[in-house]
Peer 1: 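Could you have a look at this structure, given as structure tokens, before my questions?
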Amino acid sequence: MSTAGTASGTDKLSEMLIERDVAIPMRDGASLRANVYRPTDGNRCPVIVSAIPYGKDVHVRDAFPAVWQVLLEHYPEVLEASSGRHMIWECPDPEVWVHHGYAVVQMDVRGTGKSPGFLNPNSPAEVDDCCDAIAWAGEQPWSSGSVGLLGLGYITAANWQVAARKPPHLKAMIPCQGTYDFYRDRTHNDGIYSSGFTTMWWEGFGKNNQYGNPDCTLRDMYTGEINTGQPSLSEDELIRNRVDYPNEVLAHPLLDEWYHARTADLAAIDLPALVVANWGGLGLQSRGTINGWTGLSSPEKWLLVEDGSYFFTFFTPDRVALFRAFFDRYLKGIDNNWEMPRVSVSVRTMNGEAVVAEGANWPLPSTTAQTLHLDFDENLLSPSAPKRPTQVSYSPFEDAVVVSTAPLAEDLTIAGPLALRLWLSSESPDTDLFVTVQAFDPDGEEVTFLTAADPAAPLTQGWLRASQRELDLDRSTELAPVHVHVERKPLVPGEVHEVSVALWPTSLQLPAGSHLRVTIGGRDFARPEGDDKPRPVVVMSHDDPRDRPPHVFGGRVTLHSSAERTSVILLPVLPHSLGEDTSPTVREGADR
């Protein structure tokens, strides 16, 4: 097949027609390039559209060799259903979908891969382009006129905004593991600049895959040539054709109009939606995916919260079957009695299995908030408030405060968001709070979990810039405080302030004898030296000195707890039996 223009060819192994580098016209006169995969029978069919920054022609084995190896070794069912020849990062496998009567359009976003233009990630202009691609797909002679959105991560983060624009022909969406909140859940973890992820993403994918970059390390899976097209651009030309992404993010430390333009109006989304979140997105995607579902106005919306690795489960035959049943109903109009519980949540266990809890809303309706008080004299989390005022101090860049429950007297099941309410004073005008919750089995061994950023992550974490402690009272709940992040209110040195930290949603069944540990500090969580568990990776680090100068954030912090100033953690507790909220289905082999 030709690698340029609109040349076509038939992939006989997967029995589909492939049109590579198809030019899709944009409203401003530009043309972006896409690969179109569709059935060979000539019938009109619905279309699944994805606009991606990672390269429509870059195979997973090239972009993420280690991930591909895991798929080969541990998910054989994926490649039993497909040759895997066309699998790219965070996109549906076209071979599988074409087999079931769908066309798949995968487009390089502007300024990346084969699509020329100005590279401006997460911008309103990218949303415009995706809307134009949907309109184009719905009008092609091979299209039935029904378009759906499906993808992971970056794609989903954009698709919330696309759906809110209501482009013609868009009939349904499956947002998978991608936050709608560009500020709180991606670039700033509740006010603290996520420098590690932003820099890693920009250097590894944004700049690397920029159109015309002669030094791109990614290869076209069809030709073996460099992925970023021709002609090659000079360094000066590349700089002129892209935004300075990390510095632009740093230039907007608060949730201002720049962020509002990059955050979806969820209430405007009223089309059918199957939202899939995963506990493996701690610190990056999971909270914003769940909250995206909560904010949708659609009467036809469902939420599935999974565990394990969200990249691999996205491709498994059982997951594809679920997605296909949804799209068959809303894109093909098939009366297939599509239905699933309104909310289905994977509740993890300490042995790597999971129980599926079902309910009508999020958090699950039978959830109650269990309050544990922080006693700094005894370093305890206790159901009762300290009998006398207690306090403890730490240096934010050097040490931390650790409190734990006693061994649990009975089983405990948690599923949902957590909240930490603290009273604190600081010697400096601001402090960043890093809160980590760990779970330990009855033998004292920590139970860790596979996430996108860490192979051995703790149960959950939360972050907050103390000067941005003001709550959005209309949106906050007891278990899920929401901060407005519109201004900074410096701490008065020596004065005691109340702050509420939102801890990211999680789930776990803890048997009697287990215990929980909460660490409160002023820097990224790291395991003690000598611990034989894998150390957390730096992808979700928050250590840019431009965002956290020591003279502003380094002053000693004192935490206070008493009957009058109750420092507490609130846990989302489900009934021991899990009651009517659950389906007692145990799923074997869940990643831990």
Peer 1: Does any donor atom in the side chain of Tyr180 or Thr289 lie under 3.5 Å from an acceptor atom in the other side chain?
Peer 2: no

Peer 1: For the side chain of Thr198 and the backbone of Ser195, is there at least one donor-acceptor N/O pair under 3.5 Å apart?
Peer 2: no

Peer 1: Are Asp524 and Ser541 close enough that a side-chain donor and a side-chain acceptor fall under 3.5 Å?
Peer 2: no

Peer 1: Give the ring-plane orientation class for Phe311 versus Trp89, where under 30° counts as parallel, over 60° as perpendicular and anything between as tilted.
Peer 2: parallel

Peer 1: Any non-hydrogen side-chain atom of Leu510 less than 4.5 Å from a side-chain atom of Met350?
Peer 2: yes

Peer 1: If we only count heavy atoms from C-beta on, is the Trp362 to Pro417 side-chain gap below 4.5 Å?
Peer 2: yes

Peer 1: For Arg517 and Val402, what are the C-alpha separation, side-chain angles and deciding distance, and is it a side chain to side chain contact (heavy atoms under 4.5 Å, CB included)?
Peer 2: CA-CA 7 Å; Arg517 175 189 295 173; Val402 179; 3.4 Å; yes

Peer 1: Measuring from atom CG of Leu464 to atom CG of Leu503, what distance do you get when rounded to the nearest 0.5 angstrom?
Peer 2: 10.5 Å

Peer 1: Can you tell me how far apart CG (Asp62) and CD1 (Ile88) are? Round to the nearest 0.5 Å.
Peer 2: 12.0 Å

Peer 1: Describe, in one word, how the ring planes of Tyr245 and Trp201 are oriented to each other, choosing from parallel (under 30°), tilted (30 to 60°) and perpendicular (over 60°).
Peer 2: tilted

Peer 1: Do you see a donor-acceptor pair shorter than 3.5 Å between the side chains of Asn189 and Ser194?
Peer 2: yes

Peer 1: Report yes if the side chains of Asp543 and Arg523 come closer than 4.5 Å at any heavy-atom pair, otherwise no.
Peer 2: no

Peer 1: Quick one: does Thr156's side chain have a donor or acceptor within less than 3.5 Å of a partner on Gly151's backbone?
Peer 2: yes

Peer 1: Taking all non-hydrogen atoms of both residues into account, name the closest pair between Asn208 and Thr217 and its distance.
Peer 2: ND2-OG1, 2.8 Å

Peer 1: Taking the side chain as every heavy atom from C-beta outward, state whether Pro175 and Trp160 have any atom pair closer than 4.5 Å.
Peer 2: yes

Peer 1: Yes or no on side chain to side chain donor-acceptor pair (under 3.5 Å) for Ser395 and Arg556, after CA distance, side-chain angles and deciding distance?
Peer 2: CA-CA 5 Å; Ser395 296; Arg556 198 161 179 81; 2.7 Å; yes

Peer 1: Of all heavy-atom pairs between Leu459 and Thr506, which one has the smallest distance, and what is that distance?
Peer 2: O-OG1, 3.0 Å

Peer 1: Of all heavy-atom pairs between Pro383 and Leu372, which one has the smallest distance, and what is that distance?
Peer 2: N-CD2, 4.0 Å

Peer 1: Out of Val501, Leu418, Thr519, which residue meets the side-chain contact (heavy atoms from CB on, under 4.5 Å) rule with Val435?
Peer 2: Val501

Peer 1: For the pair Trp68 and Leu71, evaluate side chain to side chain contact (heavy atoms under 4.5 Å, CB included) and give the outcome as yes or no after the intermediate values.
Peer 2: CA-CA 5 Å; Trp68 180 248; Leu71 187 145; 4.2 Å; yes

Peer 1: If I compare all heavy atoms of Gly191 with all of Tyr183, which pair ends up nearest, and what's the gap?
Peer 2: CA-OH, 3.5 Å

Peer 1: Would you say the side chains of Glu126 and Tyr154 form a donor-acceptor pair under 3.5 Å?
Peer 2: yes

Peer 1: What's the shortest heavy-atom distance between Thr436 and Gln461, and which atoms?
Peer 2: OG1-NE2, 3.2 Å

Peer 1: Apply side chain to side chain donor-acceptor pair (under 3.5 Å) to the pair Thr179 and Gln285, showing each step before the final yes or no.
Peer 2: CA-CA 5 Å; Thr179 179; Gln285 307 284 15; 5.2 Å; no

Peer 1: Can Asp128 and Arg165 be counted as an ion pair, charged N to O under 4.0 angstrom?
Peer 2: yes

Peer 1: Kindly give the heavy-atom pair with the smallest separation between Asn278 and Ser286, and that separation in Å.
Peer 2: O-CB, 3.2 Å

Peer 1: Would you check if the side chain of Thr367 reaches a backbone N or O of Val573 as a donor-acceptor pair within less than 3.5 Å?
Peer 2: no

Peer 1: Is Glu306 paired with Arg319 through a side-chain N to carboxylate O contact shorter than 4.0 Å?
Peer 2: yes

Peer 1: So, the side chain of Arg262 versus the backbone of Trp258: is there a donor-acceptor pair under 3.5 Å, distance only?
Peer 2: yes

Peer 1: Taking Lys56 for the side chain and Gly113 for the main chain, is one N or O donor matched with an acceptor at less than 3.5 Å?
Peer 2: no

Peer 1: Quick one: side chains of residues 478-487, donor-acceptor pairs under 3.5 Å with protein atoms, not counting sequence neighbours, listed by atom name and distance.
Peer 2:
{"from": "His483", "atom 1": "NE2", "to": "Ser500", "atom 2": "O", "distance (Å)": "2.7"}
{"from": "His485", "atom 1": "ND1", "to": "Gln468", "atom 2": "NE2", "distance (Å)": "2.9"}
{"from": "His485", "atom 1": "NE2", "to": "Asp190", "atom 2": "OD1", "distance (Å)": "3.0"}

Peer 1: Can a donor-acceptor pair be found, under 3.5 Å and without considering hydrogens, that links the side chain of Asp244 to the backbone of Glu248?
Peer 2: no

Peer 1: When you measure from the side chain of Ser346 to the backbone N and O of Ala354, does any donor-acceptor pair fall under 3.5 Å?
Peer 2: no

Peer 1: Please check if any side-chain donor atom of Thr390 sits under 3.5 Å from a side-chain acceptor atom of Asp377, or the reverse.
Peer 2: no

Peer 1: So, do Val499 and Leu424 sit near enough that their side-chain heavy atoms are less than 4.5 Å apart?
Peer 2: yes

Peer 1: For residues Trp279 and Ser507, is any side-chain donor paired with an opposing acceptor at under 3.5 Å?
Peer 2: yes

Peer 1: Would you check if the distance from the ring center of His542 to the ring center of Phe434 is below 6.0 Å?
Peer 2: yes

Peer 1: Answer yes if the side chains of Thr558 and Ser393 hold a donor-acceptor pair under 3.5 Å, and no otherwise.
Peer 2: yes

Peer 1: For Lys489, is there an ion pair with Glu495 - N to carboxylate O distance below 4.0 angstrom?
Peer 2: no

Peer 1: Roughly how far, to the nearest 0.5 Å, is CZ of Arg475 from CG of Asn291?
Peer 2: 7.0 Å

Peer 1: Ring centroids only, cut at 6.0 angstrom: are Phe205 and Phe64 within range, meaning strictly under it?
Peer 2: yes

Peer 1: Set out, in order, the CA-CA distance, both residues' side-chain angles and the distance that settles side chain to side chain donor-acceptor pair (under 3.5 Å) for Asp430 and Ser467, then state yes or no.
Peer 2: CA-CA 6 Å; Asp430 209 345; Ser467 62; 2.5 Å; yes

Peer 1: Under a 4.5 Å cut-off applied to non-hydrogen side-chain atoms, are Asn213 and Lys207 in contact?
Peer 2: no

Peer 1: With rounding to the nearest 0.5 Å, note down the distance linking CG in Leu422 to CD1 in Ile520.
Peer 2: 4.5 Å

Peer 1: Consider only side-chain N and O atoms of Asn209 and Asn227, and report whether a donor and an acceptor are under 3.5 Å apart.
Peer 2: yes

Peer 1: Answer yes if the ring centres of Trp463 and His188 are under 6.0 angstrom apart, and no otherwise.
Peer 2: no

Peer 1: Distance check, rounded to the nearest 0.5 Å: Phe314 atom CZ versus Cys176 atom SG?
Peer 2: 5.0 Å

Peer 1: Check whether any side-chain heavy atom of Leu250 sits under 4.5 Å from a side-chain heavy atom of Arg546, and report yes or no.
Peer 2: yes

Peer 1: In terms of the angle between their ring planes, are Phe440 and His515 parallel, tilted or perpendicular, with boundaries placed at 30° and 60°?
Peer 2: parallel

Peer 1: Is the distance from the ring center of His497 to that of Trp423 below 6.0 Å?
Peer 2: no

Peer 1: Any carboxylate oxygen within less than 4.0 angstrom of a Lys/Arg side-chain nitrogen, looking at Glu498 and Arg421?
Peer 2: yes

Peer 1: For His373 and Thr566, what are the C-alpha separation, side-chain angles and deciding distance, and is it a side chain to side chain donor-acceptor pair (under 3.5 Å)?
Peer 2: CA-CA 7 Å; His373 295 261; Thr566 54; 5.4 Å; no

Peer 1: Is there a donor-acceptor pair under 3.5 Å between the side chain of Thr451 and the backbone N or O of Asp454?
Peer 2: yes

Peer 1: Rounded to the nearest 0.5 Å, how far does CD1 of Ile174 lie from CG of Asn159?
Peer 2: 11.0 Å

Peer 1: Cation over ring, Arg348 on Phe449, under 6.0 Å and within 45°?
Peer 2: yes

Peer 1: Do the side chains of Phe397 and Arg548 get nearer than 4.5 Å, heavy atoms only?
Peer 2: yes

